[in-house]
Number of protein chains: 2
Amino acid sequence: MFTVPFPARLSASSIIDAAWILLQEGGQDALNMRALAAALGVRPASLYRHFENREALVRALAERGVLELQDGIARATQGKGPRDALWAAASTYLNYARNHPHAYALMLFGDDSAQTSAQGQSAAKALWNTLLKLVGDLSGDPDDTDQAVAFWTFLHGAAMLDRQGLYGASGPRGGLDVGLTALLNHMETAGGSGDPSS
Amino acid sequence: MFTVPFPARLSASSIIDAAWILLQEGGQDALNMRALAAALGVRPASLYRHFENREALVRALAERGVLELQDGIARATQGKGPRDALWAAASTYLNYARNHPHAYALMLFGDDSAQTSAQGQSAAKALWNTLLKLVGDLSGDPDDTDQAVAFWTFLHGAAMLDRQGLYGASGPRGGLDVGLTALLNHMETAGGSGDPSS
DNA sequence: GTCTATACCTTGATAGAC
DNA sequence: GTCTATCAAGGTATAGAC
């Protein structure tokens with residue numbers, strides 16, 4: 001008579017926590033409703049009382065990842081000069097992507113890993129604004145989209161190549177330092193986007 | 001009596017051609033054995049006489065993509081000076097990724113889009129050698145791995161962000177030009193990897 | 001709110017007739 | 001070499017009892 005379902009065994013946050021672990025350890029494939037239910041000691045059907053479907057769950061995970069990464073960047077850049085802040089942001093970004101490869105992919109690619117996804121757009125916008133401000137602090141142009149695009153492009157490329165192990169056994173070596181140095185130098189010397197006429 | 005299976009309706013190359021179209025139009029999801037058989041006017045089981053399994057087919061497609069891209073770069077850079085050649089290579093690379101987004105992903109990510117894949121490694125190595133040589137021609141160091149890593153990182157990042165539509169409605173704007181300019185300038189001025197002691 | 005039970009779908013792949 | 005027929009495995013999701 002004390003096996004009535006109170007208090008609830010599940011909650012949105014406990015599900016997200018378990019799902020996050022599954023994602024972290026086995027990627028998207030490991031993140032399925034059966035495995036998730038098993039990890040929580042519950043039946044798959046029970047999950048649908050807390051999340052309408054798998055997509056909603058994935059959305060919540062992506063949001064969590066973006067907030068974590070943004071928070072990490074904010075903390076790493078606090079109190080630093082423009083150039084140091086950008087360097088710290090890059091380092092934080094790449095470390096996060098390396099330590100949470102599946103979450104990083106989930107944030108930017110969403111569910112399918114093809115085409116544009118809603119949470120990908122949202123995550124991208126959030127990260128974009130974060131990086132844009134930092135870049136503006138160095139280049140002097142508070143809306144230096146071109147330099148910010150270049151910076152983000154480089155970071156994302158490094159995150160993805162690293163994630164797939166495509167740098168090979170020797171890793172990126174000094175390539176990331178070299179690239180970042182080149183981009184930051186260019187920001188400092190070039191000032192704005194390079195086309196003041198527009 | 002003339003419906004005997006000669007001459008064969010299928011061949012490895014006709015299958016690859018059809019698979020390439022499916023991949024191009026619908027991505028990996030559209031590339032399944034049923035759809036492929038239907039596109040060829042044949043039953044799914046018949047495909048297994050020509051490819052041991054789906055993975056072998058994907059491997060062949062990845063190989064085709066790498067060759068196409070390498071060939072395009074070779075042609076675009078031919079007869080150009082070092083800096084122009086690198087610029088042309090970048091342009092060709094990004095155009096290829098934009099025009100064949102699914103094939104590009106297949107080449108570098110392989111089947112699953114998670115973890116390291118065999119054809120990903122192979123494709124990466126092939127592209128790497130192509131880019132390494134071009135970079136060496138500009139920087140002066142024939143084995144300037146750091147600069148080549150930076151260059152490739154940027155290209156891959158641009159290809160992936162573009163592919164996912166994450167640059168937003170306004171696109172990368174001048175960001176790609178800015179980034180490439182920064183990297184090429186750095187190659188010219190910095191000479192080697194920057195650590196002649198190693 | 002969780003359970004049992006199951007429907008339903010989409011895959012890749014195979015056996016054996018022709 | 002292609003066919004019919006079918007299996008096995010994996011997934012999301014729902015109805016209705018408790």
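To find a chain, count down the sequence lines: A is the first, B the second, and so on, and within it residues start at 1.
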J.: Check side-chain contact (heavy atoms from CB on, under 4.5 Å) between A/T77 and all other residues, then give those that pass, not counting sequence neighbours.
T.: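 Counting only residues at least two positions away or on another chain, A/T77 forms a side-chain contact (heavy atoms from CB on, under 4.5 Å) with A/I73, A/A85, A/A89, A/L134.
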J.: Aromatic ring centroids of B/Y96 and B/H100 under 6.0 Å?
T.: yes
J.: Side-chain N or O of B/R9 less than 4.0 angstrom from OP1 or OP2 on D/dC3?
T.: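 For B/R9, the contact criterion (side-chain N or O under 4.0 Å from OP1 or OP2 of D/dC3) is met.
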J.: Of the residues in residues 16-25 of chain A, which ones touch DNA chain C at a heavy-atom distance under 4.0 Å?
T.: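 Those residues: none at all.
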J.: Quick one: A/Q28 CD to D/dG11 C1', roughly how many Å, whole number?
T.: 13 Å
J.: Could you list the residues that satisfy side-chain contact (heavy atoms from CB on, under 4.5 Å) with A/A90, not counting sequence neighbours?
T.: A/F151, A/L155, A/L180
J.: C/dT10 P sits how many Å from B/L36 CG, rounded?
T.: 18 Å
J.: Show me the pairs that pass salt bridge (Lys or Arg N to Asp or Glu O under 4.0 Å) and involve residues 86-104 of chain B, at least two apart or across chains.
T.: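 Residue pairs passing salt bridge (Lys or Arg N to Asp or Glu O under 4.0 Å), neighbours aside: B/R98-B/D162.
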J.: Which residues pass the side-chain contact (heavy atoms from CB on, under 4.5 Å) test with A/N53, sequence neighbours left out?
T.: A/E55, A/A56
J.: CZ of A/R34 versus P of D/dA9: gap in Å, rounded?
T.: 13 Å
J.: According to the side chain to side chain donor-acceptor pair (under 3.5 Å) rule, which pairs have a member within residues 31-44 of chain B, sequence neighbours left out?
T.: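 Side chain to side chain donor-acceptor pair (under 3.5 Å) check on residues 31-44 of chain B returns no pairs.
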J.: Contacts to DNA chain D from residues 42-54 of chain B, heavy-atom cutoff under 4.0 Å, which residues?
T.: B/V42, B/R43, B/A45, B/S46, B/R49, B/H50
J.: For A/Y167, which residues count as a ring pair (Phe, Tyr, Trp, His ring centres under 6.0 Å) partner, sequence neighbours excluded?
T.: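 Testing A/Y167 for ring pair (Phe, Tyr, Trp, His ring centres under 6.0 Å), a comparison that skips the adjacent residues, returns none.
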J.: Could you tell me how far apart A/L40 (CG) and C/dG1 (P) are, to the nearest whole angstrom?
T.: 15 Å
J.: Could you check how far CG of B/N32 sits from C1' of D/dG11, rounded to whole Å?
T.: 15 Å
J.: Expressed as a whole number of angstroms, how long is the span from B/D29:CG to D/dG11:P?
T.: 15 Å
J.: In chain order, what residues pass the side-chain contact (heavy atoms from CB on, under 4.5 Å) check against B/A182, with sequence neighbours excluded?
T.: A/L183, A/H186
